Amino acid sequence: MSFWLLKSEPASFSIDDLARAPGRRTAWDGVRNYQARNMLRDELKRGDRAFFYHSSCQVPGIAGIVEVVREGYPDATAFDPQDHHFDPDSDSREPRWYTVDVKLVREFERSITLDELRRHGGGRLKDLQLLKRGNRLSVMPVSAKSWKFIVSLAR
DNA sequence: GCCAACGTTGGC
DNA sequence: GCCAACGTTGGC
């Protein structure tokens, strides 16, 4: 099993939105970055776990945990002209963008803030990509060590 | 709203 | 293939 971190802007989709979704489940669609696409398409496997990260908001941080329940498949929002993530250059016969389905496993009572994560950036979370300079990926791997440590912060 | 750090695009 | 211009991300 592998671990990941998925970013979302709570203004567009928050962990509370996921908690209210049918089956507490959603397609993680709208990702339009090739590196992130490759991970969604090829690397996230059923049963993998991911942190749900709230970005571009008042208090950025990890809000909870989700599980991959369906592996990479074409992202239908790319073909929908009404959708905000519509990509006119994509072709349904040769899909460019992919998504996975995730379900909510756990919503932290309080999110683990970016600030708090940074306090461990020189130590236990040295390998956390989220803390690296210039990181902008919305899908990124998390090492088992970092995963365990971050989960321990949530208690 | 600002701006640093990226990624993408397109002319050459 | 280079690189300037432009768009986006995301913390502040």
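Everything numeric in this text was worked out from a predicted model, so none of it was measured. Numbered from 1 within each chain, the chains take letters A, B, ... in sequence-line order.
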In residues 4-13 of chain A, what donor-acceptor pairs under 3.5 Å come from side-chain atoms, sequence neighbours left out?
unit_1, atom_1, unit_2, atom_2, d
A:W4, NE1, A:D48, OD2, 3.0
A:K7, NZ, A:N135, OD1, 3.0
A:K7, NZ, A:L137, O, 3.1
A:S8, OG, A:F13, O, 2.6
A:S12, OG, A:E9, O, 3.0

Among all residues two or more places apart in sequence or in another chain, which pass the ring pair (Phe, Tyr, Trp, His ring centres under 6.0 Å) test with A:H120? A:F149
Any pair counted as ring pair (Phe, Tyr, Trp, His ring centres under 6.0 Å), so long as it reaches residues 50-71 of chain A, sequence neighbours left out: A:W28-A:F52, A:F51-A:W147, A:F52-A:H54
Which residues in residues 52-64 of chain A have a heavy atom closer than 4.0 Å to any atom of DNA chain C? A:Y53, A:S55, A:S56, A:P60
Identify whether the distance between the nearest side-chain nitrogen and carboxylate oxygen of A:R32 and A:D75 falls below 4.0 Å. yes
Kindly state each residue pair satisfying side-chain hydrogen bond (donor to acceptor under 3.5 Å, both in side chains) with at least one member in residues 61-72 of chain A, sequence neighbours excluded. A:R49-A:E67
Can you find a pair of side-chain heavy atoms, one from A:F108 and one from A:R110, that are under 4.5 Å apart? no
Tell me, please, which residues at least two apart from A:D17 pass salt bridge (charged side-chain N to carboxylate O under 4.0 Å, His left out). A:R20
For the helix from B:dG1-C:dC12 to B:dC12-C:dG1, figure out the bend between the end axes, five pairs an end, and round to 10 degrees. 10°
Its 5'-most and 3'-most nucleotides having an atom under 4.0 Å from a non-hydrogen atom of chain A, DNA chain B is contacted over B:dA5 to B:dT8
Please list all pairs passing the salt bridge (Lys or Arg N to Asp or Glu O under 4.0 Å) test where one or both residues lie in residues 118-138 of chain A, with sequence neighbours left out. A:D115-A:R119
Anything under 3.5 Å between a donor and an acceptor, one on a side chain of residues 79-89 of chain A, the other on a protein residue two or more places apart or in another chain? List them.
unit_1, atom_1, unit_2, atom_2, d
A:D80, OD1, A:Q82, N, 2.9
A:D83, OD1, A:H85, N, 2.7
A:H85, ND1, A:G30, O, 3.3
A:D87, OD1, A:D89, N, 3.0
A:D87, OD2, A:R96, NH1, 3.1
A:D87, OD2, A:W97, NE1, 2.8

Under a 4.0 Å heavy-atom cutoff, the residues of residues 111-133 of chain A touching DNA chain B are A:R133
Value rounded to 0.5 Å, distance of CG in A:L131 from CG in A:L114: 6.5 Å
Looking at residues at least two apart in the chain, or sitting in another chain, which of them share a side chain to side chain contact (heavy atoms under 4.5 Å, CB included) with A:V69? A:R25, A:D101, A:K103
Identify the two heavy atoms, one from A:I150 and one from A:I112, that lie closest to each other, and give their separation to 0.1 Å. O-CD1, 3.4 Å
